[in-house]
Amino acid sequence: MIENLVIVESPAKAKTIEKFLGKDFRVISSFGHIRDLSKKNLGIDIENDFAPDYEIPKEKTRVVSELRKAASEAKNIWIASDEDREGEAIAWHLAGVLKLDLATTRRIVFHEITKDAISNAIENPRSIDMNLVNSQQARRILDRLVGFEISPVLWKKVQPSLSAGRVQSVAVRLLVEREREIFSFKPESSFRINAIFRVDEANLESAFLRAEASKRFPDEKEAQKFLELCNISKYNVSDITVKPGTRSPAPPFTTSTLQQEAYRKLGFSVAQTMAVAQKLYEAGKITYMRTDSTILSKLALVKSREVIISGYGEKYSKTRQFKTKTKGAQEAHEAIRPAYPDNLTITGNLNEKKLYELIWKRTIASQMADAQVEKTTISIEMNNSPVVFNATGEVIKFDGFLKLYTESSDQENNDEEKYVIHPVKKGMPLYYNNITAAPKFTAPPPRYTEASLVKKLEELGIGRPSTYAPTISTIQNRGYVSREDRPGEKRHIKVLTLEKGKITAISKTEVSGKEKSKLFPQDIGMIVNDFLIENFSEIVDYHFTAEVEEQFDEIAMGRLKWTGMLHEFYVPFHKTIEKTLENKDRKTGVRTLGNHPETGEPITVRMGRFGPVAQIGNSDNGSKPRFASLSKNQLIETITLEEALNLFRLPRSLGMHEDDEMVVGIGKFGPYIRYKNKFYSLKKGTDDPYSLTVERAIEIINEKNESEKKKVIKDFGDIKVLNGRYGPYITRDKLNYRLPKGTESEKLTKEDCIKIIEKNNKPK
DNA sequence: CAGTGAGCGAGCTTCCGCTTGACTT
């Protein structure tokens, strides 16, 4: 018999708490929810006032039987799930499944894992809050209704296996709308004038100042005219302003801000960040990593202060508590921080170390003093033009938290070069070293990264810390969006430079639109998005979640009946489902691009059975239409007639080579040459299937055959020694075996190989 | 590893939020 049994959600938390509570307490975990709506069917009896049909999922049966066993052996049971809507529901399900008396079940909560917080919780138990539980049931059931009623409509009207949901569909919408903004964006250019001035007329090496003209010029001619004026102008310092300012540190990490910073500073994907953080949490190195709170425990504040004072001195310390600003934050946990702020580094793999260091710096910096800065602006006037040159610079008077950490920004063109402002005085004459005029193009809004999408979703109050990473995975797995790099396009520009009284023009190329690890909507994502906006505009509205959240709050406060709320939502919603099923045609995103220049047949693009397809003609008058798949990076929405026609040029014959035909085409894995029933991939970036020559094709074929010959070191029939990416290895029955270190692969006999295979086969 | 587009029909897919392993390469 155990005196006291405490049930928490996370096993790592259970371990820590058990230490604090002593031998009269046993702490076990439920591993999150233990019961959910039935997986088959809807799991909701709509006729019967939305009665939910809960079941214990298969993967939870073991945990539940362990919980049952522990509960039957305990005298007192304390349910310590998190203090939020989901945690309250977990408590209620636990009470139900473990057959606990609701009236006497002791529900306790704590926000930080310290001895004081836990004993305080034990001294102040309460009962389960049914209003809060009901708001969770409303949330759960609404999500099931939305997901399980709209998805089948998509299967019928768009494509099988698609999905829609309150969170994922809005995430896709954000990406699609941003992509369309980018399509329709027309870059405009104007000439920007940048000058480097010196203080001494004769000495070309004297102190200099970088400044930009207050005016931009629409074209090269105007810019040229201005530079001519610059050449004969006299310059002097007309004004100097010095503005003091402060910069404050960012709050400690939440899940969302950790994902953003780990992406920007470490290049981690959202899922990778969470996996590494999970490891750190399980090892007791950081606090819980799924949180929306920026609050630090008192203990963390005190410890951080000690670390700062001993490391940097008293004046670098400024203890702060940051209020969580996020909409709908439930604050069941602390911010993400080092479990022990005095540990500057940890043991672990490289990524764990990097992420820990990031969390440590962010936490400590948040408790450091503001930085004191001084922003200086120097105006330089011309004697023959109203245009003014401005030089700006920032001097850090006291670094404060900047000593340790600065937050990165999503802005890519961070061309704010920090130039030291040399001491100049009002009225002082200046002389130009050089003045350049270069066209500057306006840029479209940036594409989302995984992390910036999470940021946007959080701002809209959509999704929770535990679902950001899975949502990002879902929309990629469904094929709605894809994470990709794009090389960008070269742009030729002309730069004018005025130097020593002469204006020279140089041509330059710059790359625009280069993308790294960005989210690109795909055709199916755009078609589904448009279908949802046409038919379920309320659900994919950016405010939908915020509006239902308000009602969930009303339910939690006991001011609204949860089944009533669901009824209000469901009746019109279900009517829309039925109307859509009945009246709407299948949506393929079809576009007519025009007519074939020779035959006059119509050319269309649409989503076909196997993906986006272009079609020449139709089957009306007994003629057979021709089909070609769109290639990667082409979208139904933006493909041109010319590009579509091009698709039909492949596969094409390159003619004969040693009595066999060479055919070029684009397959599942990119452009290829088919020759003697073998496939040879074209080199990415260098070879183009439309313009590939016979000579180059033969070269590719020979190259591959050569390297394949080198691949086989020994051939014993069923056993082969091959040369792979990681060096020589043995293969048999499609299984590969590593060679022991120091083996000379050329000298292996068949018997040696069998020995190695048998050794390798031993179970680990 | 390497395109498919005739048409029909059975059986499958799907949500969001809590939590981690148990799998294979």
Side-chain angles (χ1 to χ4, degrees), chain A residues 8-14 29-37 39-44 57 59-60 62-63 81-82 84-91 93-94 136 139-156 159-169 274-275 278-279 281-282 288-290 330 332-333 462-471 474 477-478 539 545 548 588 604 606-616 618-619 624-629 650-651 663-674 677-682 735-736:
Chain A
V8 297
E9 291 183 37
S10 151
K13 201 170 172 181
S29 96
S30 74
F31 292 79
H33 274 293
I34 52 157
R35 235 179 13 178
D36 191 16
L37 294 175
K39 266 217 158 57
K40 42 185 191 296
N41 307 325
L42 195 58
I44 304 159
E59 63 273 19
K60 289 285 180 185
R62 227 182 68 198
V63 183
S81 48
D82 298 344
D84 57 19
R85 201 162 63 198
E86 298 298 328
E88 205 66 15
I90 289 173
H93 283 300
L94 278 169
Q136 192 275 346
R139 197 281 303 156
R140 179 66 191 94
I141 290 171
L142 181 127
D143 281 335
R144 172 57 71 88
L145 289 171
V146 168
F148 275 37
E149 292 216 351
I150 300 184
S151 299
V153 177
L154 293 178
W155 306 342
K156 285 210 177 73
Q159 236 178 43
S161 303
L162 296 173
S163 66
R166 176 176 57 82
V167 173
Q168 58 167 286
S169 296
M274 294 313 282
Q278 177 86 31
K279 275 264 162 18
Y281 168 66
E282 283 168 10
Y288 195 57
M289 65 282 155
R290 289 185 276 264
Q330 308 209 356
H333 305 274
I462 299 172
R464 303 278 312 129
S466 67
T467 59
Y468 294 137
T471 300
T474 298
N477 291 339
R478 297 273 172 277
I539 308 295
T545 290
V548 291
T588 63
T604 55
R606 64 181 166 85
M607 187 51 81
R609 278 207 292 160
F610 312 109
V613 66
Q615 178 175 346
I616 300 178
N618 43 48
S619 45
K624 252 200 170 172
R626 289 154 64 206
F627 299 95
S629 289
L650 294 178
V663 176
V664 197
I666 296 179
K668 204 172 175 182
F669 310 103
Y672 64 86
I673 305 163
R674 202 177 65 224
N677 276 331
K678 273 179 78 178
F679 288 86
Y680 301 84
S681 290
L682 301 198
L735 287 172
N736 299 336

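Chain A is the first sequence line, chain B the second, and so forth, proteins listed ahead of strands; every chain is numbered from 1. When reading the values below, keep in mind they use all heavy atoms of this one structure, side chains included, and skip hydrogens, waters and symmetry mates.
If you measure from atom CD of Glu88(A) to atom C1' of dG17(B), you get 16 Å, rounded to the nearest angstrom. Atom CE of Met289(A) is separated from atom C1' of dG17(B) by 14 Å (rounded to the nearest Å). One can place CD of Glu59(A) at 14 Å from C1' of dC23(B), the figure rounded to the nearest angstrom. Atom OH of Tyr468(A) is separated from atom P of dC16(B) by 14 Å (rounded to the nearest Å). Following rounding to the nearest Å, His33(A) (NE2) and dG17(B) (P) show an atom-to-atom distance of 10 Å. Rounded to an integer number of Å, the gap from Asp84(A) CG to dC18(B) C1' is 9 Å. In this structure, Asp82(A) places its CG atom 12 Å from C1' of dG17(B), rounding to the nearest Å. Following rounding to the nearest Å, Lys60(A) (NZ) and dG21(B) (P) show an atom-to-atom distance of 10 Å.
Looking at residues two or more places apart in sequence or on another chain, you find no salt bridge (Lys or Arg N to Asp or Glu O under 4.0 Å) involving Glu9(A). Among residues two or more places apart in sequence or in another chain, the side chain to side chain contact (heavy atoms under 4.5 Å, CB included) test is passed with Arg674(A) by Val663(A), Tyr672(A), Phe679(A). Val153(A) meets the side chain to side chain contact (heavy atoms under 4.5 Å, CB included) test with Lys157(A), Phe531(A), Ile577(A), Thr580(A), Leu581(A); sequence neighbours excluded. Residues forming a salt bridge (Lys or Arg N to Asp or Glu O under 4.0 Å) with Glu149(A) (at least two apart in sequence, or on another chain): none. Lys13(A) pairs by the salt bridge (Lys or Arg N to Asp or Glu O under 4.0 Å) definition with Asp82(A), not counting sequence neighbours. Qualifying side chain to side chain contact (heavy atoms under 4.5 Å, CB included) partners for Tyr680(A), counting only residues two or more places apart in sequence or in other chains: Ile673(A), Tyr675(A), Lys678(A), Ile700(A), Ile701(A), Lys704(A), Asn705(A). Arg166(A) is linked by a salt bridge (Lys or Arg N to Asp or Glu O under 4.0 Å) to Asp143(A), counting only residues two or more places apart in sequence or in another chain.
Phosphate contact (OP1/OP2 of dT19(B), side-chain N/O of Arg290(A), threshold under 4.0 Å): present. Listed pair Arg139(A) / dC16(B) fails the phosphate criterion, with no side-chain N or O lying under 4.0 Å from OP1 or OP2. Contact between the side-chain N/O atoms of Ser10(A) and the OP1/OP2 oxygens of dT19(B) is not found at any separation under 4.0 Å.
If you check every strand for non-hydrogen atoms under 4.0 Å, Gln136(A) touches nothing. Tyr281(A) comes within 4.0 angstrom of the backbone, heavy atoms only, and of no base. No engagement by Ser30(A) is indicated, since no non-hydrogen atom pair under 4.0 Å with the nucleic acid exists. In this structure, Tyr288(A) reaches the sugar-phosphate backbone alone: every heavy-atom distance under 4.0 Å involves primed, P, OP1 or OP2 atoms, never a base. Contact annotation for Gly463(A): backbone-only contact, meaning every heavy-atom pair under 4.0 Å involves sugar-phosphate atoms and none involves a base. Heavy atoms of Thr467(A) sit under 4.0 angstrom from at least one base atom. Residue-level contact check: Arg674(A) touches neither bases nor backbone, having no heavy atom under 4.0 Å from any strand.
Paired with Asp36(A) under the rule side chain to side chain donor-acceptor pair (under 3.5 Å), one option of Lys60(A), Arg144(A), Arg140(A) passes, and it is Arg140(A). Paired with Glu86(A) under the rule side chain to side chain donor-acceptor pair (under 3.5 Å), one option of Arg464(A), Gln330(A), Arg139(A) passes, and it is Arg139(A).
Judged by closest nucleotide on DNA chain B, Ser169(A) is the one of Glu282(A) and Ser169(A) placed further toward the 5' end.
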- Note on the structure: Protein-proximity profile, nucleotides 4-15 of chain B, B/S/- by nucleotide at the 4.0 Å heavy-atom cutoff, equals BB-------BBB

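Both key distances under 3.5 Å define a Watson-Crick or G-U pair, and DNA chain B has no stretch of 3 or more such consecutive pairs.
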- Task: Begin with the C-alpha distance, continue with both residues' side-chain angles, and end with the deciding distance and a verdict on side chain to side chain contact (heavy atoms under 4.5 Å, CB included) for His333(A) and Arg290(A).
- Result: CA-CA 8 Å; His333(A) 305 274; Arg290(A) 289 185 276 264; over 6 Å; no

